[in-house]
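Scroll down for the structure; my scribbles are underneath it.
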Amino acid sequence: MPELPEVEVVRRGLERWASGRTVAAAEVLHPRAVRRHTAGPADFAARLAGRRIGPARRRGKYLWLPFGEDGFSVLAHLGMSGQLLIQPPGTPDEKHLRIRIVFEDAEGGELRFVDQRTFGGLSLHPGEDDAEGLPDVIAHIAPDPLDPAFDEAAFHAALRRRRTTVKRALLDQSLISGVGNIYADEALWRSRLHYERPTATLTRKQTAELVSHVRDVMNAALAAGGTSFDSLYVNVNGESGYFERSLDAYGREDEPCRRCGTPMRRRAWMNRSSFYCPRCQRAPRPVPATR
DNA sequence: ATTCACACCTGGCTGC
DNA sequence: TGCAGCCAGGTGTGAA
């Protein structure tokens with residue numbers, strides 16, 4: 001599933017293969033792929049035509065491409081299965097091709113949004129006067145841990161204030177962005193924290209270690225995902241790529257913990273799975289009843 | 001205000 | 001062999 005490292009690989013691909021080019025025409029093949037564009041598919045296509053694409057930006061799992069002239073951006077989210085591909089001229093349509101963007105320099109290939117499950121999509125938004133140029137619809141998305149703007153003290157304060165558990169907090173994009181189920185489990189394993197640990201009990205040091213592990217695992221994944229990147233592909237197949245072999249927690253039910261050898265466990269949790277080591281990541285003690 | 005459950009979607013896999 | 005049902009899970013929405 002595309003989480004921050006996968007999305008960043010796509011961003012770099014867009015920067016390399018789409019930025020600076022001018023859109024000739026856009027074609028929406030599935031209306032659901034532009035459902036967040038409230039003015040509809042025809043408006044989406046019409047307003048994209050003739051625009052010159054600026055530098056590719058990212059916050060958390062969102063990507064956007066600004067059009068310098070009039071302050072609009074095309075915002076993208078890959079959802080569960082979305083791909084942004086630059087395909088050479090003549091490439092047959094993918095089964096789940098949803099949006100095609102043709103450039104004036106057609107020989108350089110076209111940009112395609114391909115998405116099996118259609119959880120992802122593209123939309124157009126006015127740019128903000130915000131210095132970051134952040135589209136207003138993602139103003140609620142917190143900086144991600146690789147962003148210099150990420151504020152660890154504010155994150156810790158928010159954790160202490162919240163009445164929630166640590167994995168829920170990691171997946172809450174308004175507290176910290178870019179983390180999904182896979183990297184949440186990896187960071188918790190590295191931090192020896194149980195997913196149901198109440199955030200209000202975390203010490204400053206534990207928060208610092210957790211953030212540090214989130215950064216480390218993302219950087220390691222980014223390094224692995226970046227290797228296959230120097231092709232005409234904007235890349236990314238929605239999988240963790242080479243990094244999948246390096247996972248310590250996610251998907252390792254019944255396999256030995258790489259630290260202590262105890263069989264890893266899987267628990268159904270919030271309509272998904274949590275993988276953890278029952279020895280390294282002890283369940284929190286129940287909070288004693290107060291009277 | 002905060003927290004939480006749920007809908008959305010389809011291909012691959014499991015089990016009968 | 002065929003088919004029903006489950007599973008993957010990020011996000012927006014609306015309810016509690």
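This is a predicted model, so every value here is computed, not measured. Throughout, a chain's letter reflects where its sequence line sits, starting with A, and its residues are numbered from 1.
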* Structure fact -> side chain to side chain donor-acceptor pair (under 3.5 Å) filter on A/Q206, not counting sequence neighbours, yields A/R197, A/T203
* Which is true for A/R35 with a 4.0 Å heavy-atom rule: it touches a base, it touches only sugar-phosphate, or it touches nothing? -> nothing
* To do: Kindly state each residue pair satisfying ring-ring contact (aromatic ring centres under 6.0 Å, His included) with at least one member in residues 157-176 of chain A, sequence neighbours excluded.
  => none
Using distance only, find each side-chain donor-acceptor pair of residues 215-225 of chain A under 3.5 Å and give its atom names and separation, not counting sequence neighbours.
residue: A/R215; atom: NE; partner: A/P145; partner atom: O; Å: 2.6
residue: A/R215; atom: NH2; partner: A/P145; partner atom: O; Å: 3.4
residue: A/N219; atom: ND2; partner: A/R215; partner atom: O; Å: 3.2

* Between the axis at one end of the helix from B/dT2-C/dA16 to B/dC16-C/dG2 and the axis at the other (five pairs apiece), what's the angle to 10 degrees? -> 50°
* To do: May I ask you to check whether A/Y250 and A/F275 place their ring centers less than 6.0 Å from one another?
  => yes
* Asked: Of all residues at least two apart in sequence or in a different chain, which pass the salt bridge (charged side-chain N to carboxylate O under 4.0 Å, His left out) check with A/K61?
  -> none
* Considering heavy-atom distances to DNA chain B, does A/Q116 or A/R168 have its closest nucleotide positioned more toward the 5' end? -> A/R168
* **Test: A/R58 and A/D144 ion pair at under 4.0 Å** => yes
* Asked: So where does chain A start and stop touching DNA chain C, 5' to 3', when the test is distance under 4.0 Å to a non-hydrogen atom?
  -> C/dA8 to C/dG12
* Asked: At under 4.0 Å between heavy atoms, what does A/N181 touch on the DNA or RNA strands: base, sugar-phosphate, or nothing?
  -> sugar-phosphate
* Structure fact -> DNA chain C nearest-nucleotide lookup for A/V179 and A/R266: closer to the 5′ end is A/R266
* Residues that A/F119 engages under ring pair (Phe, Tyr, Trp, His ring centres under 6.0 Å), provided they are two or more places apart -> none
* Hey, does A/H140 reach any base, or is it just sugar-phosphate, or nothing, if we go heavy atoms under 4.0 Å? -> sugar-phosphate
* Output all residues satisfying ring pair (Phe, Tyr, Trp, His ring centres under 6.0 Å) with A/Y276, sequence neighbours left out; order by chain, then residue number. => A/H194, A/Y195
* For DNA chain B, which nucleotides open and close the run of contacts to chain A, 5' to 3', at under 4.0 angstrom from a non-hydrogen atom? -> B/dT3 to B/dG11
* Mind checking side-chain contact (heavy atoms from CB on, under 4.5 Å) for A/A153 and listing every partner two or more places apart, or none if nothing turns up? => A/D151, A/R204
* Under the salt bridge (charged side-chain N to carboxylate O under 4.0 Å, His left out) rule, what pairs show up with a residue in residues 101-123 of chain A, not counting sequence neighbours? -> A/R21-A/D105, A/D93-A/R112, A/E94-A/R112, A/R100-A/E110, A/E110-A/R112
Acceptor/donor pairs from residues 37-48 of chain A side chains to any protein atom, 3.5 angstrom cut, sequence neighbours excluded:
residue: A/H37; atom: ND1; partner: A/L124; partner atom: N; Å: 3.1
residue: A/H37; atom: NE2; partner: A/D43; partner atom: OD2; Å: 2.8
residue: A/D43; atom: OD2; partner: A/R47; partner atom: NH1; Å: 3.1

* More 5' along DNA chain C: A/R117 or A/I141, using each one's nearest nucleotide? -> A/R117
